[in-house]
Amino acid sequence: MFINHRYNMKKIILICLATLVIASITSCLSCLGWKKINLSDEPFCKTPIVRAEIKFRIDSAQFVLGWTEPKPYDFQPFVDYLSHCRVLQEPISIVPSTWVKLYDSNNNEYNLAFTTSGALLSIEGRIYGFSTEDARKIKELLTKGRNDD
């Protein structure tokens, strides 16, 4: 009986130690650069955009069938909103459901890919996460592009 109690104490100590190690690693990762940054530092936020296109993924019950044809998109409210967002860089990949292509006056392209919820954005392979409030507003702006079809 005394041996069983000792074994249980060792298990409890190991679990506490493991929890502390995980918490330390998590806090350390946030120190290494996983912090909120401004999207206004992205080139498309600093460049006057002259036109934009939006396209949406077409899904069936089990498969991705393709994409809609690109449609003109009222980009100004969208770009204005994004340029004021603070985002968190995420170490994951995403499957986009919406693509927005922005063009500047020199015809340079800026490709933005969003998840269905609007919570994640991909720019040139970098993934950014939005706050819940920003994701809701971005989804609204993206949906507005869909309703204008």
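From a predicted model like this one, the values you see are computed outputs, not experimental measurements. The analysis underlying the following values was restricted to heavy atoms, covering all of them including side chains, and did not include hydrogens, waters or symmetry mates.
- Shortest non-hydrogen contact noted between L65 and S60 is CD1-CB, 3.9 Å.
- Nearest heavy-atom pair, L88 versus K36, reported as atom, atom and distance to 0.1 Å: CD1-N, 3.9 Å.
- Under the 4.0 Å criterion applied to side-chain N and carboxylate O atoms, R136 and E133 are not assigned as salt-bridge partners.
- Here E69 contributes atom CD and I54 contributes atom CD1; the two are 14.0 Å apart, rounded to the nearest 0.5 Å.
- Residues meeting the ring pair (Phe, Tyr, Trp, His ring centres under 6.0 Å) test with Y128, sequence neighbours left out: none.
- When atom types are taken as modelled, the side chain of D104 and the backbone of N106 share a donor-acceptor pair closer than 3.5 angstrom.
- Judged by distance alone, the side chain of T68 and the main-chain N or O of F56 form a donor-acceptor pair under 3.5 Å.
- Taking hydrophobic clusters as Ile, Leu, Val, Met, Phe, Trp and Tyr residues chained together by side-chain heavy-atom distances below 4.5 Å, I138 shares a cluster with I37.
- Here W67 sits in one hydrophobic cluster together with W99; the rule is ILVMFWY side chains under 4.5 Å apart, joined directly or through other members.
- Distance OG1/T98 to NZ/K55: 11.5 Å, rounded to 0.5 Å.
- There is a path of hydrophobic side-chain contacts, each under 4.5 Å, that joins I123 to L102.
- The heavy-atom pair separating V79 from F44 by the smallest distance is CG1-O, 4.2 Å.
- In this structure the side chain of L121 never reaches within 4.5 angstrom of the side chain of V87, judged on heavy atoms.
- At least one side-chain heavy atom of D134 sits less than 4.5 Å from a side-chain heavy atom of Y81.
- Through chains of ILVMFWY side-chain contacts below 4.5 Å, L120 is grouped with I92, I94, I127.
- Within a 6.0 Å sphere centred on CD of Q76, heavy atoms belonging to other residues, nucleotides or ligands number more than 12.
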Mind running side chain to side chain contact (heavy atoms under 4.5 Å, CB included) on Y110 and K101 for me, showing each step along the way? CA-CA 6 Å; Y110 305 93; K101 189 176 284 194; over 6 Å; no
Check the pair F78, F114 against ring pair (Phe, Tyr, Trp, His ring centres under 6.0 Å), reporting the backbone distance first and the verdict last. CA-CA 13 Å; F78 179 73; F114 293 87; 5.6 Å; yes
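- Note that NE2 of H84 is 11.5 Å distant from CG of L39, once rounded to the nearest 0.5 Å.
- Shortest non-hydrogen contact noted between A113 and P96 is CB-CB, 3.6 Å.
- Going from atom CG of D80 over to atom CG of L141 covers 10.0 Å, rounded to the nearest 0.5 Å.
- With contacts defined as side-chain heavy-atom distances shorter than 4.5 Å, the pair L82/E42 does not qualify.
- By the 4.5 Å heavy-atom criterion applied to side chains, F75 and V100 are not counted as neighbours.
- Between the OH atom in Y73 and the CG atom in L142 there is a gap of 5.0 Å [rounded to 0.5 Å].
- Using a cutoff of 4.0 Å between basic side-chain nitrogens and carboxylate oxygens, R51 and E53 are scored as salt-bridged.
- Heavy atoms only, all atoms of each residue included: A135 and A119 are closest at CB-CA, 3.6 Å.
- E124 contributes atom CD, which lies 8.5 Å from atom CG of N111 (distance to the nearest 0.5 angstrom).
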